Amino acid sequence: MSLTRKHYPFSEFEPRWQQHWVSTQAFRATNPGDPDFRLGAKKYFVLDMFPYPSGDGLHVGHVEGYTATDILARYHRLLGDNVLHPMGWDAFGLPAEQYAIKTGQHPRITTQRNVDNFRTQLQSLGFSYDWSREISTTDPEYFRWTQWIFLQLYNAWVNPATNKAEPISSYTGMDPDSVRLAFVSDKPVNWCPELGTVLANEEVIDGKSEVGGFPIERRPMRQWMLRITAYTERLIADLEGLDWPESIKLLQRNWIGRSEGAEVRFALDGIPEDISVFTTRPDTLFGATYLVLAPEHPLVESLTSAPQQEGVATYKKACSSKSDLERTDLAKEKTGVFTGAYAINPVNGEKIPVWIADYVLTGYGTGAIMAVPAHDERDYDFAKAFGLQVTAVVAQRISDAKITMEIVVSGKPNPPWRAHQLNDESVWVWRHDRCFSGEGVAVNSEFLDGLPTLEAKLKMIAWLEEQGVGKGTITYKLRDWLFSRQRYWGEPFPIVWENGSHRPLSHEELPVEPPEMEDFKPTGTAEPPLSKAKEWVRYSETASRELNTMPQWAGSCWYYLRFCDPKNHDRFIGTEAEHYWMGSTGRPGGDTKKTPGGDHSHKTPGGVDLYVGGTEHAVLHLLYARFWHKVLFDLGHLTTPEPFQRLVNQGMILGDDGQKMSKSRGNVVNPDEVVAEYGADSLRLYEMFMGPLEHGKPWSTTGVEGVYRFLARVWRLAMAEDQEGNWILSDDLAEQKLTTAQRRILHATIKKVTHDIESLAFNTAISQMMICTNEFTNAKPRPIEAMRLFLPLLSPFAPHLVEELWSHLATKFAGFEGLASQSAWPSWNEDYLVVSEVSYALQVNGKVRGHLTVPIAAGKESVEKAALADASLASQLEGKVIKKIIVVPGRLVNIVAV
RNA sequence: GCUCGAAUGGCGAAAUUGGCAGACGCGCCAGACUUAGGAUCUGGUACCGAAAGGUGUGUGGGUUCAAGUCCCUCUUCGAGCACCA
């Protein structure tokens with residue numbers, strides 16, 4: 001605690017109001033059916049990404065997003081809306097478990113302690129959460145429903161006929177296990193020996209674990225998967241209607257990685273098998289001069305010729321021992337080996353060699369490619385390295401500047417350049433020893449010759465389908481979601497195994513709680529720690545429990561739904577609550593970001609009205625949650641297809657050195673210390689004043705002092721010190737008519753703050769409130785009406801200060817009844833914004849040469865006349881001929897003279 | 001390498017839809033009140049110049065009466081993806 005005297009007694013009243021708000025449940029949201037539910041009030045669901053309660057406590061980055069949503073929540077309450085603004089804990093997960101292993105304490109204990117600490121910190125910032133709805137993913141009453149949703153996935157499949165999830169009972173095929181949305185797979189997975197668990201593709205970055213940065217191996221293990229790939233098209237298509245940043249939509253589209261192309265079947269020479277390849281450039285099939293299979297491709301064994309056996313085996317072994325990291329980052333040099341086999345190019349019957357190489361990935365497409373070195377950089381590099389044939393089949397436009405240079409003066413291409421002229425006289429060129437991966441026109445391709453790339457693709461696909469050797473297809477980068485982890489601190493699966501097959505538990509058996517265990521360390525093998533709980537594992541004489549647990553993402557996939565109805569014992573969310581909070585019945589357009597054209601009339605998909613969080617969840621949490629939501633929607637449990645209507649990413653707060661905050665740099669700002677020194681209101685206000693919410697911005701301690709001084713100035717508008725140094729209501733306040741200027745600035749402030757809050761431009765809203773405050777600083781007497789209009793505007797930003805002033809003002813003046821947090825948002829009157837005079841900038845040839853003040857009602861002609869007569873322009877216009885005069889009403893006059 | 005995003009005073013940033021660049025805050029300078037100021041209040045503060053005036057929104061060009069804003073070029077920084085056929 002600093003020794004300097006506080007500018008206003010925040011440390012006295014901030015905790016007092018926090019306590020008051022909590023104890024009176026001032027921010028409780030009511031559900032339909034509650035006795036005090038207000039019919040006709042609009043709903044507003046504003047959500048934070050709930051935190052993982054780490055031992056480090058709250059970070060200033062949390063405070064930024066949470067303040068933004070709190071402002072919106074408080075603003076909408078003042079508008080009279082029924083506001084759902086909840087908070088909870090994403091408390092399962094690796095860090096808690098690892099900490100527990102290190103300290104020997106049960107993760108439940110440490111998690112509880114961290115949660116309590118987080119809650120205290122959040123309350124010390126005055127966030128207006130409805131604490132009666134607090135949830136934790138580790139609460140059995142919560143994960144009962146996480147497990148229930150897993151069973152929904154397990155018991156559902158996507159019917160290709162309807163493209164919707166349906167109960168598995170509608171599946172009429174032989175093997176329901178092959179279509180379930182939750183299924184078991186033995187495919188190679190990302191195993192992290194250090195963490196002792198498998199990880200999802202999304203959790204692996206550059207061949208290392210996202211958590212901890214440990215190396216990842218690929219090894220086949222029996223794992224639970226969720227069939228998110230069944231939703232790829234809808235996950236892409238439904239992004240369209242969402243009010244999300246374009247960059248996040250793009251990130252999701254890229255992650256899903258849809259690519260259109262064709263599958264082409266190549267017969268093998270002398271072997272009764274064939275190889276399917278995927279290509280996005282079927283138009284280049286005539287230029288396919290060899291095939292490449294991934295080393296793990298199932299056909300590799302059977303097609304390798306005797307003399308190549310040894311080389312192939314050696315190469316395969318070398319690849320399998322490489323980590324993902326080595327295979328990608330370090331492997332700039334292409335490697336591979338010839339199998340001895342030849343394939344037949346279906347389009348021209350040519351015999352082309354079949355190679356294996358690790359630049360072809362086993363998990364994408366068919367795990368095999370047709371190599372077109374003339375039109376693909378990677379194939380070109382490979383062909384160069386191994387002396388394979390390059391045949392150009394796409395020509396580029398000669399007029400592309402770079403090639404024109406090389407190609408000559410004479411107008412005719414120099415060999416090795418060749419040229420092709422189309423009917424429209426355009427000239428197209430190619431050569432066989434270069435790589436050109438762009439689009440152009442087909443050459444050396446018989447029936448495709450002369451066609452632009454796009455048309456050539458379509459014609460080739462048609463040809464392939466006609467000949468029965470291929471078809472148009474779409475491939476995705478998105479893989480099914482690896483959903484099991486070999487950990488203790490997570491939701492157990494509601495599954496038992498009997499005679500080698502799995503079966504779901506009934507709903508009545510939920511929740512399946514993790515066993516009490518002393519020793520929950522990883523086993524050091526692929527065997528999950530739950531295997532050590534012998535009693536728990538044994539479900540019956542013949543059945544045993546699934547030993548894996550769910551990943552941390554499970555709980556956060558649906559928590560926003562539980563907030564709507566957190567105490568419901570019969571359903572994961574009550575029907576009525578879901579209709580109300582997740583429906584599209586919110587404030588129509590009132591809170592949508594300004595869109596070009598200003599069209600707010602489009603029907604919204606509904607869901608959470610505003611969701612604020614960091615970009616780091618752009619493809620993980622946000623994609624998973626959308627997927628679960630769609631499944632539940634298909635199965636009739638929800639009424640909207642998307643969970644989050646409007647999403648905003650807050651930017652990162654950097655240290656005062658402009659670097660990312662980190663303990664090692666020593667530039668971490670602790671919110672508790674800022675609160676102790678300057679108060680919660682100052683911290684909130686400063687983080688909003690730093691700059692646009694979406695931008696990253698560096699911390700500045702003197703900046704905090706700036707807003708702190710501003711709040712102190714507001715305080716002194718109403719309060720003064722008496723002889724003893726106690727704060728009392730200022731004598732300068734009086735029931736007194738506002739001057740025209742005061743009234744104008746107040747109403748302008750109401751207008752600007754209202755608009756700025758709705759477009760999340762908090763920094764400029766605060767600027768305007770500072771301007772307004774400065775106007776009143778020296779006004780004596782100060783009209784009390786100013787406080788009535790101004791304080792509600794400030795209250796979402798600095799709620800403690802306003803609440804305190806409000807209560808002091810109520811002792812002497814009318815209009816300050818009840819809590820400021822429960823008062824009403826003021827409205828502005830456009831009539832009061834009108835000014836009687838307006839200042840024009842006078843320009844000569846676009847340069848400002850003077851100013852002119854005229855009555856607002858002055859017409860164009862009279863402004864023009866006054867401008868020409870203005871003395872300040874005389875010297876500029878002297879000896880010049882006036883060509884043109886432009887008058888922009890209310891702004892400027894530009895005289896064009898030569 | 002590819003895809004996005006950004007670039008404005010000493011600093012964080014403003015700037016409706018092409019119409020007076022730098023609002024607001026920090027810092028700095030000066031003044032007032034004070035025993036005192038790291039409190040508060042007032043004024044000043046883009047740059048060059050004594051002034052008149054000139055120059056300024058990463059670079060170079062273009063459109064326009066008028067460009068931070070629109071078009072093209074390049075540079076730098078940040079983020080994401082990264083052999084995805």
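Since we're looking at a predicted model, the values are computed, not measured. First the proteins, then the strands, lettered A, B, ... as listed; each starts at 1.
Between A/T475 and B/A85, a side-chain N or O to OP1/OP2 separation shorter than 4.0 Å is absent. For the pair A/N774 and B/C24, the criterion of a side-chain N or O lying under 4.0 Å from OP1 or OP2 is not met. Taking 4.0 angstrom as the limit, A/H7 places a side-chain polar atom (N or O) nearer than this to OP1 or OP2 of B/U40. The phosphate of B/U55 (OP1 or OP2) has a side-chain N or O of A/K847 nearer than 4.0 angstrom.
Taking only distance into account, the side chain of A/K334 meets the base of B/C83 through a donor-acceptor pair shorter than 3.5 Å.
Rounded to whole Å, the distance from CD on A/E377 to C1' on B/G1 is 9 Å. The distance from atom CE of A/M688 to atom P of B/G25 is 19 Å, rounded to the nearest whole Å. At whole-Å resolution of the value, OH in A/Y678 and P in B/G38 are 15 Å apart. One atom, CG of A/L833, and another, C1' of B/U16, lie 15 Å apart when rounded to the nearest Å. Counting to the nearest Å, the P atom of B/C26 and the CZ atom of A/R709 are 5 Å from each other.
Aromatic ring centroids of A/Y290 and A/F382 lie under 6.0 Å apart.
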**Item:** Worked verdict on A/T229 versus A/D480 for side-chain hydrogen bond (donor to acceptor under 3.5 Å, both in side chains)
**Value:** CA-CA 6 Å; A/T229 53; A/D480 279 326; 2.6 Å; yes
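Base orientation at B/G9 is syn, since its O4'-C1' glycosidic dihedral falls within 90° of 0.
Within 6.0 Å of NZ in A/K880 there are more than 12 heavy atoms belonging to other residues, nucleotides or ligands.
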